[in-house]
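Structure first, then comments.
As a basis for the values below, the full set of heavy atoms in this structure was taken, side chains included, without hydrogen atoms, waters or symmetry mates. Values in this document were obtained by computation on a predicted structure and should not be read as measured data.
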Amino acid sequence: MRKVSLVLFGAVLGAGTATVATQTHLLSSTSAVAASAETYRQLSLFGDVFEKIRTDYVEKPDEGKLIEAAVNGMLTSLDPHSSYMDAKSFRDMQVQTKGEFGGLGIEVTMEDGLIKVVTPIDDTPAARAGLLANDVITQIDGDQVQGLTLNQAVDKMRGPVNSPVKLKITRKEAKEPLEVTLNRDLIRIKPVRSRVEGGDVGYIRLTQFNEQTYDGLKAAVDKLSTEIPGDKLKGFVIDLRNNPGGLLDQAVMVSDAFLDRGEIVSTRGRNPDETQRFSAKSGDLTKGKPIVVLVNGGSASASEIVAGALQDHKRATVLGTRSFGKGSVQSIIPLGGNGALRLTTARYYTPSGRSIQAKGIEPDQEVLQDVPDDLKGKDETKGEAGLKGHLKQKDTEERGGSSAYVPPDPAKDKQLIAAVDLLHGVQKGAANTVKSTTPAPAAPTQN
């Protein structure tokens, strides 16, 4: 049974391939470097091939698509994270990183070819209209949904704030289909979720690094610190499992939230003068409470920046399985009205100067999950080292991916249980470098 989940804004974040940094530059002819005679010869070859296809291909080709395919082929030949985005993909990426959009506020999934509601988001048009989990959407504005892809259905439900959309849904309890008309509203994706674990531990899950992440983290720490009296609060679990990354500045701010001083991350480009260093400012949101960071094979890029910074400063114990190993920075370069380039422009390094490219963050304590039989063999991510054309590191042993499975039932989540147990036994300022010596079962991936 095929299941694909997507929050209603039409952009899918791929684990381990998320952009770490969004930096905006416009291409300029003044920055062009004089090409060699050989380069001009190759460009002439491209022109000859393009003209031959345009005039002699068996059917008239779309010339614009030919150019886009050529540009994308050039970029994807560099590494797995460089690519061309057409205008729509660029808009979707901007929506994704901003974390807000005009929509209905429902998380939907495709199951057996049907568009099914996973859950309505609180205080959104979908929740106010009474949509329920497991409702099946059969029509959108009178058009049949069957036969559409998940992204196509999502695109039809997105739109300008205050514009109407009519849905027809079927519900097990209802004999007749239900028709509801909703007005789209501004939906904000909450990349931070939190709760109290064990009565005295603050659990904070970061699902991505968009423009809302730091503010969400701060609100979660404040809320948990109020719910758990200071003398009772044992510490915080920061869950970065299956978080594919996002914005570099948000990774820096989240790391800074737990650090008083020191370097957080540095980025080094092709030229030495392109090196940038990001350092922590005074002030720890948790006032020095112990921290455990959870990572797994789906923790990539910005997640690894946070885990690496807190690990190097011995501010947190990193627990779980080895992270994805994406140690490169992508810049987003707009091309006027013609989309944008996603171009790898730098590698990043943790405070101790280590690159995790194609290696990942090794946890201080390795804890493996119990994998259901039907998921065994499907729980391992390829990791950066398993991606074709990934950036190589000289004189460095590459490491493959690890498990990305997280049990849906917290009571069966061995990594979370181990983190809470660790905090119950950790005193403020305790060392965070003890490696687990007990092997655990093999590990899997989140749906």
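Residue-environment remark: CZ (R261) stays at or below the threshold of 12 foreign heavy atoms within 6.0 Å. Other residues, nucleotides and ligands place more than 12 heavy atoms under 6.0 Å from the CG atom of D62. Taking a 6.0 Å sphere around CD of E51, one finds it holds more than 12 heavy atoms contributed by other residues, nucleotides or ligands.
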- [ ] Could you please spell out the steps behind the salt bridge (charged side-chain N to carboxylate O under 4.0 Å, His left out) verdict for K52 and D48?
- [x] CA-CA 6 Å; K52 200 66 177 171; D48 291 344; over 6 Å; no
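Between E63 and R54 there is a salt bridge, since at least one side-chain N of the basic residue sits less than 4.0 Å from a carboxylate O of the acidic one. No salt bridge links K190 with D122; every basic N to acidic carboxylate O contact stays at or beyond 4.0 Å. Note on D215 versus R188: no salt bridge recorded, every NZ/NE/NH1/NH2 to OD/OE distance being 4.0 Å or above. Between K168 and E179 there is a salt bridge, since at least one side-chain N of the basic residue sits less than 4.0 Å from a carboxylate O of the acidic one.
Checked options V145, D155, I115; the residue passing with I140 is V145 (criterion: side chain to side chain contact (heavy atoms under 4.5 Å, CB included)).
D312 and S352 share a side-chain donor-acceptor pair at under 3.5 Å. A donor atom on one side chain and an acceptor atom on the other are found under 3.5 Å apart for Q330 and T344. There is no side-chain donor-acceptor pair under 3.5 Å between E398 and Q393. Side-chain contact of D86 with S89: a donor-acceptor pair under 3.5 Å is present, judged by distance alone.
When all heavy atoms of N243 and L206 are compared, the closest pair comes out as ND2-O, 2.8 Å.
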